[in-house]
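Heavy atoms only: backbone and side chains are in, while hydrogens, waters and symmetry mates are out. In this text, all values refer to a predicted model and were calculated from it rather than measured experimentally.
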Amino acid sequence: MKSTEIKNLSVEDLQNKLAEVQAQYQKLTLAHRISPIENPIQIRDLRRTIARIKTELTNKQ
């Protein structure tokens, strides 16, 4: 998710999206621990997306 898309979301949408992305991140890291996933860069991208969403939430509050 790009930062321009994140900036256009409301606080409620950001909180919902954060919960959704964190769930994806946990599922992906668990899958990677069990057996290496094909594209481990996805983990880094999700972690960065979480950081972007948290930053925008802080800015809006």
Side-chain angles (χ1 to χ4, degrees):
M1 204 171 181
K2 296 188 178 188
S3 56
T4 54
E5 296 172 359
I6 292 173
K7 288 181 181 180
N8 293 333
L9 295 175
S10 68
V11 175
E12 286 182 15
D13 291 339
L14 285 172
Q15 290 171 343
N16 293 337
K17 193 68 173 173
L18 179 63
E20 179 184 319
V21 173
Q22 284 178 333
Q24 285 179 338
Y25 176 72
Q26 288 177 348
K27 189 166 68 171
L28 201 59
T29 52
L30 181 63
H32 186 62
R33 288 180 191 154
I34 294 171
S35 66
I37 58 175
E38 199 171 300
N39 189 5
I41 295 175
Q42 291 174 334
I43 295 172
R44 182 180 65 193
D45 290 341
L46 282 176
R47 201 170 51 235
R48 288 181 179 177
T49 301
I50 291 169
R52 284 187 192 106
I53 293 172
K54 284 184 176 181
T55 302
E56 192 58 36
L57 266 173
T58 303
N59 289 340
K60 288 191 177 192
Q61 290 176 348

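Rounded to the nearest 0.5 Å, atoms CG (Asp13) and CD (Glu5) are 12.5 Å apart. From Lys7, atom NZ reaches atom CG of Leu9 across 12.0 Å, with rounding to the nearest 0.5 Å. Atom OG of Ser10 sits about 8.5 Å away from atom CD of Gln15, to the nearest 0.5 Å. Here the straight-line distance linking atom OG1 of Thr55 with atom CD1 of Ile6 works out to 9.0 Å at 0.5 Å rounding. Rounded to the nearest 0.5 angstrom, Ile53 CD1 and Ser3 OG are separated by 11.5 Å. Between the CD atom in Gln42 and the CZ atom in Arg47 there is a gap of 13.0 Å [rounded to 0.5 Å].
With a 4.5 Å cut-off on side-chain heavy atoms, Arg52 and Thr49 count as touching. Side-chain contact check for His32 versus Leu28: every heavy-atom pair is 4.5 Å or farther apart.
When Lys27, Gln26, Gln24 are each tested for a side chain to side chain contact (heavy atoms under 4.5 Å, CB included) with Leu46, only one passes: Gln24.
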